[in-house]
Visitor: 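This is the structure I have questions about; it appears just below.
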There are 2 protein chains.
Amino acid sequence: MPSSKKAKSVRAATLSDVGREAGVSAMAASAVLNGARTSSRISPETRERIEEAALRLQYRPNAAARALANRRMDTIGVATVFESRELNPYFLEVFNGILETAALHEQNTTVFDWQRGAAKLPGWCDGRIDGLILIAPTLTSEAAKVLPGHTPFVAIHANVELPNVVNIETDEERGAYEVVRFLISQGHKRILHVSGVAGLVGSDRRLRGYKRALASAHIGLDNALIIPAGFCSDDGYRAMRSWLQQHAGELLPHAVFCVSDGVATGCLEALSEVGLRVPDDISVAGFDDTLSARTTLPQLTTVRQPLRAMGNRAVEVLLDRIHRQNTGDKQLTEKSIVFPVALVTRASVGAPPAIKRVVPSRR
Amino acid sequence: MPSSKKAKSVRAATLSDVGREAGVSAMAASAVLNGARTSSRISPETRERIEEAALRLQYRPNAAARALANRRMDTIGVATVFESRELNPYFLEVFNGILETAALHEQNTTVFDWQRGAAKLPGWCDGRIDGLILIAPTLTSEAAKVLPGHTPFVAIHANVELPNVVNIETDEERGAYEVVRFLISQGHKRILHVSGVAGLVGSDRRLRGYKRALASAHIGLDNALIIPAGFCSDDGYRAMRSWLQQHAGELLPHAVFCVSDGVATGCLEALSEVGLRVPDDISVAGFDDTLSARTTLPQLTTVRQPLRAMGNRAVEVLLDRIHRQNTGDKQLTEKSIVFPVALVTRASVGAPPAIKRVVPSRR
DNA sequence: CTGAAAGCGCTTACAG
DNA sequence: CTGAAAGCGCTTACAG
């Protein structure tokens with residue numbers, strides 16, 4: 001038996017096939033099956049015949065051909081650093097919002113892992129996506145200038161101002177202010193702040209909120225109570241542990257305000273290691289309200305950002321920009337959209353204990 | 001000033017543009033810039049001229065045109081139920097592996113949220129993707145039959161056998177067996193199992209491993225110690241709490257083996273609520289080793305699945321299938337690929353306490 | 001109301 | 001070693 005090299009694979013039906021089957025032209029089929037405004041021009045009978053033929057042949061419009069003709073892929077890109085040192089539940093929630101709204105508008109969503117700076121970014125803007133959402137990019141202003149001009153961008157939590165890019169962000173300073181005010185309202189005065197990477201907008205704003213809250217309650221700022229760390233639980237663990245070691249015998253803070261839930265998780269671990277109980281001996285608060293804020297024990301008092309809604313909005317804004325670009329109206333209506341945050345109180349914050357000193361750490 | 005309706009947008013350079021700039025034909029440019037095997041046919045000088053021209057014009061191949069000509073999108077799809085009741089860190093790790101390998105092969109990755117059964121699936125197979133990875137699909141055998149025949153599929157942790165679909169899974173029974181054997185080796189005998197949804201392959205296999213481990217240690221099976229729950233932390237919390245309420249005054253189990261880390265997290269919460277300490281009063285083990293296994297306190301003893309590697313492999317297998325399909329060789333070489341699992345011991349498991357009874361719950 | 005033509009930007013045979 | 005032609009499947013003007 002001769003093996004035919006060209007195995008006649010079941011070719012998908014095209015508009016011509018449908019047209020032939022229905023006894024009309026391919027354009028008529030196009031108008032009925034894919035056309036938006038021109039579809040009214042086909043008579044009801046013809047229309048029905050075409051629809052039946054399409055059904056019979058299982059016609060599906062070919063995405064590539066349509067994209068080529070329309071100069072539009074109906075696809076948005078999402079770029080993020082997918083894993084720095086920890087998998088990032090923050091992404092999960094933002095992305096969920098993005099997918100939701102994209103599906104609503106019948107847009108595909110393709111994801112890029114943006115591990116090494118902006119280098120690969122221009123390559124993604126070759127027509128395979130109509131626009132790009134940058135999730136929490138940490139770009140230098142320098143790198144931002146390299147963003148291709150023909151592709152619309154939207155950023156979420158960008159750390160620098162990007163020219164011609166809408167940034168969707170949250171009022172982090174207010175969030176930090178409120179959670180620290182809450183700690184103060186519970187009677188805490190000596191409040192340690194485990195901070196993020198200095199220079200990043202996220203860290204700086206949260207630090208500012210912390211300082212403003214102390215000032216508003218007339219609590220003097222003690223720089224020794226601010227320790228730079230990072231955003232991961234490791235960072236929190238290490239920062240807390242070494243602080244405890246270095247301050248053995250001294251007064252324990254009443255509470256710890258951590259720059260992120262991940263950091264707070266690490267703090268809890270370090271505190272538990274030296275036998276300190278949360279919130280009985282010391283209170284802990286986080287920021288972000290990610291998954292881990294609810295899997296710690298006690299669960300974390302933290303600041304919630306409407307990440308899903310921000311994802312929704314990012315898509316809306318991006319699609320709007322894509323549409324405007326096509327109509328030649330490239331003007332940016334707004335540079336930044338700020339979402340509110342909300343204090344979430346859970347069991348990790350209690351009343352301050354009587355005087356408590358740092359016990360020498362076990363190792 | 002007359003507003004020109006057709007704003008002359010900066011059209012991206014095409015192969016013709018590059019060809020003209022370099023004084024050659026578009027095909028020559030194609031051969032040099034995009035061609036794989038035919039590129040050798042161009043003389044070095046011409047090649048250089050073309051490459052310079054491309055650089056000067058910032059030429060980028062148009063993805064849609066290429067896809068149309070090649071009948072290949074260079075894009076793989078990933079479908080999953082993105083959020084059932086909890087955001088799913090399991091996805092994060094699998095997806096990371098998928099992105100990694102896809103990028104390696106210069107494939108795009110587009111994500112579909114598969115909320116409502118298989119209904120929308122055929123629509124995604126219209127040429128916009130070359131193949132599809134189903135992550136943890138819960139399909140009926142019935143629905144599986146509707147999978148379009150022209151698109152290659154790969155599943156990860158599928159719950160039913162899908163015709164003509166490779167399934168990438170783990171040896172969950174062995175994982176459960178090993179973690180329960182470990183509990184036994186630590187001296188635990190009365191081991192509660194908080195199980196998942198009955199009938200799902202994942203639950204059933206883990207339950208089977210639990211039973212087999214007990215049997216192998218000659219511990220009689222007590223069906224009262226198996227409680228059906230689900231996979232979320234809520235499920236675990238509720239299951240554990242009501243068990244404690246219903247068995248107030250009775251013997252406390254030595255240990256709890258939970259069907260997932262999420263469930264284990266909920267258990268920890270319920271146990272802590274009634275003042276039971278883990279692992280001093282009771283030990284707890286999970287399954288999956290997701291993010292939350294490390295954010296609980298104490299951290300969870302659990303079973304690790306190589307999710308990232310499974311994501312890597314899923315892409316490899318899918319690309320292979322896509323390639324084979326194009327060459328007409330559609331035969332499935334293997335139906336299932338089973339990855340090993342590994343016991344991960346952490347602080348949530350200790351030695352069993354002296355006799356301990358369930359105290360009446362607080363409410 | 002309907003169809004023939006041209007074009008989107010790329011490839012793959014086929015000639016030279 | 002290089003180019004003219006035809007085609008991938010769809011659209012959008014343009015004729016009738």
Visitor: What is the distance, to the nearest angstrom, from the CG atom on B/Asp74 to the P atom on D/dC8?
Guide: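 Rounding to the nearest Å, CG of B/Asp74 and P of D/dC8 are 20 Å apart.
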
Visitor: When you measure from the side chain of B/Ala28, which nucleotide among D/dC10, C/dG3, D/dG3 comes out closest?
Guide: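 Of the candidates, D/dG3 comes closest.
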
Visitor: Applying a 3.5 angstrom cut-off to the pairing atoms, does DNA chain D sit in any stems of at least three consecutive Watson-Crick or G-U pairs? List them by first number.
Guide: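 Stem segments, range with range: C:1-3 with D:14-16, C:5-12 with D:5-12, C:14-16 with D:1-3.
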
Visitor: Which nucleotide wins on minimum distance to the side chain of B/Asn62, given the candidates D/dG9, C/dC10, D/dT11?
Guide: C/dC10

Visitor: Among B/Val94, B/Ile156, B/Ile133, B/Ile135, whose side-chain contact (heavy atoms from CB on, under 4.5 Å) with B/Thr80 holds?
Guide: B/Ile135

Visitor: Is the backbone N or O of A/Thr75 less than 3.5 Å from a side-chain atom of A/Asp130, with the two atoms forming a donor-acceptor pair by type?
Guide: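 Checked: pair present.
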
Visitor: Which of the following nucleotides, C/dT12, C/dA4, C/dG9, is nearest to the side chain of A/Met27?
Guide: C/dA4

Visitor: Between the side chains of A/Thr110 and B/Asn108, is a donor N or O closer than 3.5 angstrom to an acceptor N or O?
Guide: no

Visitor: Using whole Å, report how far CZ of A/Arg49 lies from P of C/dC1.
Guide: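 One finds 15 Å between P of C/dC1 and CZ of A/Arg49, rounded.
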
Visitor: Is a donor on one side and an acceptor on the other found under 3.5 Å between the side chain of B/Asn62 and the backbone of B/Ala64?
Guide: yes

Visitor: Nearest of D/dC10, C/dC8, C/dC10 to any side-chain atom of B/Arg66?
Guide: C/dC10

Visitor: Round to a whole Å and report the spacing from CG of A/Leu68 to P of D/dG7.
Guide: 17 Å

Visitor: May I have the distance from B/Arg128 (atom CZ) to D/dC10 (atom P), rounded to whole angstrom?
Guide: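 Distance check: B/Arg128 CZ to D/dC10 P gives 14 Å.
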
Visitor: Pick the nucleotide of DNA chain D nearest each of B/Ala69 and B/Val24; which residue has the one closer to the 5' end?
Guide: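 Nearest-nucleotide comparison on DNA chain D picks B/Val24.
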
Visitor: So, B/Glu169 versus B/Ser336: side-chain donor-acceptor pair below 3.5 Å or not?
Guide: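 A pair is found: one side chain offers a donor N or O, the other an acceptor, under 3.5 Å apart.
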
Visitor: Using whole Å, report how far CG of B/Asp17 lies from P of C/dG9.
Guide: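 One finds 8 Å between P of C/dG9 and CG of B/Asp17, rounded.
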
Visitor: Over how many whole Å does the gap from A/Met73 atom CE to C/dC8 atom P extend?
Guide: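 Spelled out: CE on A/Met73 to P on C/dC8 is 18 Å.
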
Visitor: If you compare every side-chain N and O of B/Ser30 against the phosphate oxygens of C/dT11 (OP1, OP2), does one of them come in below 4.0 Å?
Guide: yes

Visitor: Among A/Leu121, A/Asn164, A/Val166, which residue meets the side-chain contact (heavy atoms from CB on, under 4.5 Å) test with A/Phe153?
Guide: A/Leu121

Visitor: Mind running side-chain contact (heavy atoms from CB on, under 4.5 Å) on A/Ile322 and A/Leu319 for me, showing each step along the way?
Guide: CA-CA 5 Å; A/Ile322 292 168; A/Leu319 291 179; 4.2 Å; yes

Visitor: What is the distance, rounded to the nearest whole Å, between atom CZ of B/Arg20 and atom P of C/dG9?
Guide: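 Nearest whole value for this atom pair: 11 Å.
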
Visitor: By nearest atom, which of the nucleotides D/dC10, D/dG9, C/dC8 is closest to the A/Leu15 side chain?
Guide: D/dC10

Visitor: Using whole Å, report how far CZ of B/Arg72 lies from P of D/dG7.
Guide: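 Checked: the CZ to P distance equals 25 Å.
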
